[in-house]
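Keep in mind that what you see is a predicted model, and the values were worked out from it rather than measured. Keep in mind that the numbers below use all heavy atoms, side chains included, and drop hydrogens, waters and symmetry copies.
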Amino acid sequence: MLIVMRTKSFGTRGIRVSLSTAIAAIVLSTPLVPARAATIDLHAISPRSVTTLLFHQVTADPIRSAHGEDNVKEPWLTPERFDALLTSLEARGYTVVTLDAALALLEADRADSGSRTELRAKLPLKPLLLTFDDGFASALTVATPILRKHHAQATMFFEGRITGTKADRLSIADLQAMRASGVWQLESHGWIGHGNLAVSADGPRSPYWYGNLMWLPAEHRLETLGEYERRIAADLHQFRTTFEPLLGTRLDVFAYPSGEFGQNGLLAAGGNPLTRLEAGHSNSHDLGPIFARVLAHEGMRAAFAVNVPGMVHAASEQDGPFAFPRIGVGATFNPAILDTIASDGIELPEIASDDSFADCMAVTSASGDFITASALRPDIFRLAASGRVRATFTIPELLGDRPGQPALVSALVARDDDVTIFQQAGWWPGAVPYLTHVHVSGQRATIARRDALPENLNWSVGAIERDGKLIAMTDEGRFYDVADARGAPLLTVALASGDRHTRFTGPAIVH
């Protein structure tokens, strides 16, 4: 397996450098010798993707909701900001496509190459899908004329039970008007939608109605997996049989409410269902395949979630058909982040928290997972092979000698749950490079040892273990035995260019 980490730009010795996708491979064997570089066309194996945005309200007077969070802070835009956002996206080269067109592309990516080629030729280079959740009336009254102005269409995922019950929500007549407008496609957000669910005898009710087993008070137990499946199937079935006759159209695409089966993950296998943090807002780890089976049985052709932390990206065939991600848009949304996360290449996912990207560059593997680290914050992440963040470890000691400065984690070496962290010296007075050994378990990281490194490793960019030795590489292409780093380098690889601003960004291990 080849793992490629790509960064759009990064700082080296105070110089800001832009990078395009490139791969340099060094084969390390005994003795250490440089080998011929290989060239790989990532675009040839990359699927086309559809950037999918999630909106809730377009209004100057937003309605604050008490239901479950879905990774969108202040989920509303004023009409002026919505208009300006669409203008900005157009200027960035995005073209709004319909839900049907987007799904045709995503489904074709699982079909034969001829279908893929034909559909990709028909769709724009940067397709953009606009979706709305919850069925707020402002979508019809405020967003519709703005969408018309931009010749754009959008999809509304509306809740069944609440439809027509509140003045701020869409009525049946509103939905029928949207259906006839040529601007909107209507789809399912479930019958219950944002409902609260009893998940224990005396605890608080959960806002994650679809991602939990229900507590049955009369029997003093949680429902079985079979009872859960029947409950969810009845919900989706009631939505379709109620609204399809009223709207005269099939409703066969679903959006998970409250970030369920997306941002809010299922319980980890072996986890305690009463531990909210560990549970990830769910009390069972068995529900994902069941929900997918119900979606298929009820005739759903696709389902959309909200972007999973650690998986912020445009929707592609690698996600579907029941886990297409969306990027939430709120009052503070900056369209520039789309330039950061959109990619036609294959890369490890961005790690996002509170709309701030961790800018991870160092990566290694351990026990079937990936370990990666922020170059800016003192954070280490354990990722599943799918890219989902299993755990985040904040290690304040990484900023011990550099308050107000970035962590500059530049390399990682892991063996099972023991991780060795290299930090560059930085360019501020008194800073030195460090080697920190930590043990990670559950959600905790325990420091075993922290050592200052010699000046030769001020600018380490990568490291490997070889024959029991820890070997670090610098940005100038020098390899050192870390235990004897004050001595001569084991190997020096010459830069191909004489440009003094050119730097290596790290080694790759082939063997």
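- For E227 (side chain) and T224 (main-chain N/O), a donor-acceptor pair under 3.5 Å exists by modelled atom type.
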Practice item. Dump the intermediate steps for ring pair (Phe, Tyr, Trp, His ring centres under 6.0 Å) on F393 and F381, then the final yes or no. Key: CA-CA 6 Å; F393 308 100; F381 305 93; 8.9 Å; no

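- Taking the salt bridge (charged side-chain N to carboxylate O under 4.0 Å, His left out) definition, one finds that D83 meets it with K149, sequence neighbours left out.
- Side chain of H56 to main chain of W76: no donor-acceptor pair is present (N/O by atom type, distance under 3.5 Å, no hydrogens or angles).
- Note that OH of Y228 and OG of S284 are 8.5 Å apart. Values are rounded to the nearest 0.5 Å.
- Cation-pi contact between R240 and W191: absent, since separation from the ring centre below 6.0 Å together with deviation from the ring axis within 45° is not met.
- Using modelled atom types and a 3.5 Å distance limit, the side chains of T131 and R326 yield a donor-acceptor pair.
- Pairing each heavy atom of V253 with each of R301, the nearest pair is CG2-NE, 3.8 Å.
- Atom-to-atom distance recorded for L175:CG and L246:CG is 9.0 Å, nearest 0.5 angstrom.
- For the side-chain hydrogen bond (donor to acceptor under 3.5 Å, both in side chains) with R382, the qualifying choice from D417, T372, T392 is D417, the only one to do so.
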**Study point:** Pair L222-L216, side-chain contact (heavy atoms from CB on, under 4.5 Å): steps then yes or no
**Key:** CA-CA 6 Å; L222 291 171; L216 305 177; over 6 Å; no

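- Taking the salt bridge (charged side-chain N to carboxylate O under 4.0 Å, His left out) definition, one finds that R148 meets it with nothing, sequence neighbours left out.
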Practice item. Under the side-chain contact (heavy atoms from CB on, under 4.5 Å) rule, what do D133 and F55 come out as? Steps first, then yes or no, please. Key: CA-CA 7 Å; D133 277 7; F55 301 89; over 6 Å; no

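- Of the possible polar contacts, one joining the T59 side chain to the D61 backbone as a donor-acceptor pair under 3.5 Å is found.
- In terms of modelled atom types and a separation under 3.5 Å, the side chain of E159 and the main chain of H194 share a donor-acceptor contact.
- In the displayed structure, H237 atom NE2 is contacted under 6.0 Å by at most 12 heavy atoms of other residues, nucleotides or ligands.
- Between the K126 side chain and the R92 main chain, a donor and an acceptor come within less than 3.5 Å of each other.
- Rounded to the nearest 0.5 Å, atoms CG (L197) and CZ (R231) are 5.0 Å apart.
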Exercise for review: Start with the C-alpha distance between F304 and L129, add both sets of side-chain angles, then the distance that settles side-chain contact (heavy atoms from CB on, under 4.5 Å), and finish with yes or no.
Suggested key: CA-CA 12 Å; F304 286 83; L129 179 62; 3.9 Å; yes

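- Between Y256 and F261, the ring-plane angle classifies as tilted under the 30° and 60° cut-offs.
- Considering every non-hydrogen atom in both L130 and A152, the closest pair reads CD1-CB, 4.4 Å.
- A side-chain donor-acceptor contact under 3.5 Å links Y210 and D235.
- Note that CZ of R169 is 10.5 Å distant from CZ of R161, once rounded to the nearest 0.5 Å.
- Scored by the side chain to side chain donor-acceptor pair (under 3.5 Å) test, T144 finds W184 as partners (sequence neighbours excluded).
- With hydrogens and angles disregarded, no donor-acceptor distance shorter than 3.5 Å links the side chain of E229 to the backbone of V294.
- The backbone N or O of T98 sits nowhere less than 3.5 Å from a side-chain atom of Q153 that would complete a donor-acceptor pair.
- For D174 (side chain) and S171 (main-chain N/O), a donor-acceptor pair under 3.5 Å exists by modelled atom type.
- L85 pairs with exactly one of V329, N334, V58 by the side chain to side chain contact (heavy atoms under 4.5 Å, CB included) rule, that one being V329.
- A donor-acceptor pair under 3.5 Å is formed between the side chain of E244 and the backbone N or O of L251.
- Here the straight-line distance linking atom CG of N212 with atom CG of N283 works out to 4.0 Å at 0.5 Å rounding.
- Although no hydrogens or angles enter the test, the distance criterion places a donor-acceptor pair under 3.5 Å between the side chain of E260 and the main chain of G211.
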Practice item. Might you work through the salt bridge (Lys or Arg N to Asp or Glu O under 4.0 Å) test for D168 and K166, ending with a clear yes or no? Key: CA-CA 5 Å; D168 56 50; K166 295 184 177 181; 5.7 Å; no

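- The number of heavy-atom neighbours closer than 6.0 Å to NE2 of H439, taken from other residues, nucleotides and ligands shown, is above 12.
- Each of F291, F322, F324 was scored for a ring-ring contact (aromatic ring centres under 6.0 Å, His included) with F254, with one residue passing: F291.
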Review point. Can H189 and D134 be said to form a side-chain contact (heavy atoms from CB on, under 4.5 Å), step by step?
Key: CA-CA 7 Å; H189 209 33; D134 297 349; 3.1 Å; yes

